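One is the number of the first residue; the rest follow in order along the sequence. Remember, it's 1-based here, ligands and their atoms both numbered in the order they're listed. Quantities reported herein were computed from a predicted structural model and do not represent experimental measurements.
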Amino acid sequence: MVAKLDDLPIRDDLKGRKPYGAPQLAVPVALNVNENTHRIPEEVAVDIIGRLAAAVLDINRYPDREFLALRNALANYLGADLKAENIWAANGSNEVLQHIFQAFGGPGRSSLGFGPTYSMYALIAQGTGTIYVDAPRLDRYELSPELIREAILEHKPNIVMLCSPNNPTGTPLSLSCIEAAYEAVTEATGGVVVVDEAYAEFGGNTEVSAINLLEGRERLLISRTMSKAFAFAGARVGYLAADPAVIDALRLVRLPYHLSSFTQAAAEAALDHASTMLATVNDIRFQRDRIMLELKDLGLDPYRSDSNFVLFGGLEDPNGVFEALLAKGVLIRNVGIPGTLRVSAGTEAETSAFLEALRQVLKK
Ligand SMILES: *Cc1c(COP(=O)(O)O)cnc(C)c1O
């Protein structure tokens, strides 16, 4: 007996919707979801296994619901005088974002993003019954304080989503844009500003984190993840830095014991080796810049990027190029922006494989 989705009594607002779904294909070169494609160092892997082994001895008990050791480790990693009470974490930053929408959004409330941006914002808004408004960007997907201010005053959102740098375009975001967003939302609704810094570690100047703006801004929330630079996507660990009152709000909506003992143990071990875990970041940046240069050489149009991926335009038939690359074992991403594709910077070998395959496909 197999029912169809349409036969089920699901919520009206979910009917006809599609789940998030970047293709998961077994290919030699997968550069489609912005993972760090380097394996984690063996010494860290060994330490993680040791901690998991210790954790399994107590696995009959619920984990620390407050995951204090992990929050301490994350505060320590972020620096800037943050304490455990400023930190929240969940199973990926997607779950952190969902907690934010559950606590600050919901029926009768609205959120605002600047598209094209991370597709999960609209999906999480949908799942939590929050209205999502997509405001346009400037030329080449840039943002300015003025544009942000006007959009916030016009739409009066309860949640403002700023992706810094922006996925899928790579566009860096200045701190003045974040300050403008906070000021405008304070005037408009007293809502929250969420800065999604999933790719922060790849930025040219890691000093330009919104973390430095937290002081005195109790409705500024900064989301981070261990999925990208930290090479920990499979472990599902995302986190947030904010005023302790914000953490109290998120506690109201989280499921009890949402972070398993294994997740906590593995993340704590990885954070103990933070500099080793981040050792590949420089190389990835180098490969990103190499992609930019070589795509320009091919007559394509890469957008400026502060992340570990590059969006590039100048393609007459993006889908044809996507399929031709896939036939050569190279998986990248069609994010649906006309004339463009997006590629993650991989290892030197993977990046070379992508560039060589692209040259062949474009016959250059
Ligand atoms: C990859 C990504 C995330 C991270 O998701 P996780 O759930 O932490 O794996 C968050 N925001 C953006 C913009 C991303 O690209």
Applying a strict 4.0 Å limit to heavy atoms, is Ala233 in contact with ligand 1? no
Which residue holds the protein heavy atom closest to atom 2 (C) of ligand 1, what is that atom called, and what is the gap in Å? Lys228 NZ, 2.4 Å
Does the ring pair (Phe, Tyr, Trp, His ring centres under 6.0 Å) test come out yes or no for Tyr239 and Phe67, once each step is laid out? CA-CA 12 Å; Tyr239 54 101; Phe67 46 101; over 10 Å; no
Asn91, any N or O under 3.5 Å of ligand 1 N or O: no
Protein heavy-atom partner closest to atom 15 (O) of ligand 1 - residue, atom, separation in Å: Tyr199 OH, 2.6 Å
Measure the shortest side-chain to side-chain distance between Lys296 and Pro302 over non-hydrogen atoms and say whether it is less than 4.5 angstrom. yes
If the cut-off is 4.0 Å to any non-hydrogen atom of Gly92, which atoms of ligand 1 fall inside it? 6 (P), 7 (O), 8 (O)
Decide yes or no on side chain to side chain donor-acceptor pair (under 3.5 Å) for Ser261 and Asp58, but give the supporting numbers first. CA-CA 9 Å; Ser261 304; Asp58 286 324; over 6 Å; no
Would Arg109 count as a cation-pi partner of Phe104, with NZ or CZ less than 6.0 Å from the six-membered ring centre and within 45° of the ring normal? no
N/O separation below 3.5 Å, Arg236 to ligand 1: yes
With the threshold set at 4.0 Å, does a side-chain nitrogen-carboxylate oxygen contact exist between Arg11 and Asp13? yes
Is it true that Tyr199 and Phe309 have ring centroids separated by less than 6.0 Å? yes
What atoms in ligand 1 come closer than 4.0 Å to a heavy atom of Thr225? 6 (P), 8 (O)
Show which atoms of ligand 1 fall inside a sub-4.0 Å distance from at least one heavy-atom site of Asn167. 13 (C), 14 (C), 15 (O)
Atoms in ligand 1 with a heavy atom of Asp196 nearer than 4.0 Å: 10 (C), 11 (N), 12 (C), 13 (C)
Any donor-acceptor pair under 3.5 Å linking the side-chain atoms of Asn34 with those of Arg333? no
Ser227 heavy atoms within 4.0 Å reach ligand 1 at atoms 6 (P), 8 (O), 9 (O)
Closest to atom 10 (C) of ligand 1 among protein heavy atoms sits Ser93 OG, 3.3 Å
What residues form a side chain to side chain donor-acceptor pair (under 3.5 Å) with Ser119, not counting sequence neighbours? none
Nitrogen or oxygen of Tyr121 less than 3.5 angstrom from that of ligand 1: no
When you check the side-chain N and O atoms of Asn36 and Asn308, is any donor under 3.5 Å from an acceptor? no
Ligand 1 to Cys163, heavy atom cutoff 4.0 Å, flagged ligand atoms 13 (C)
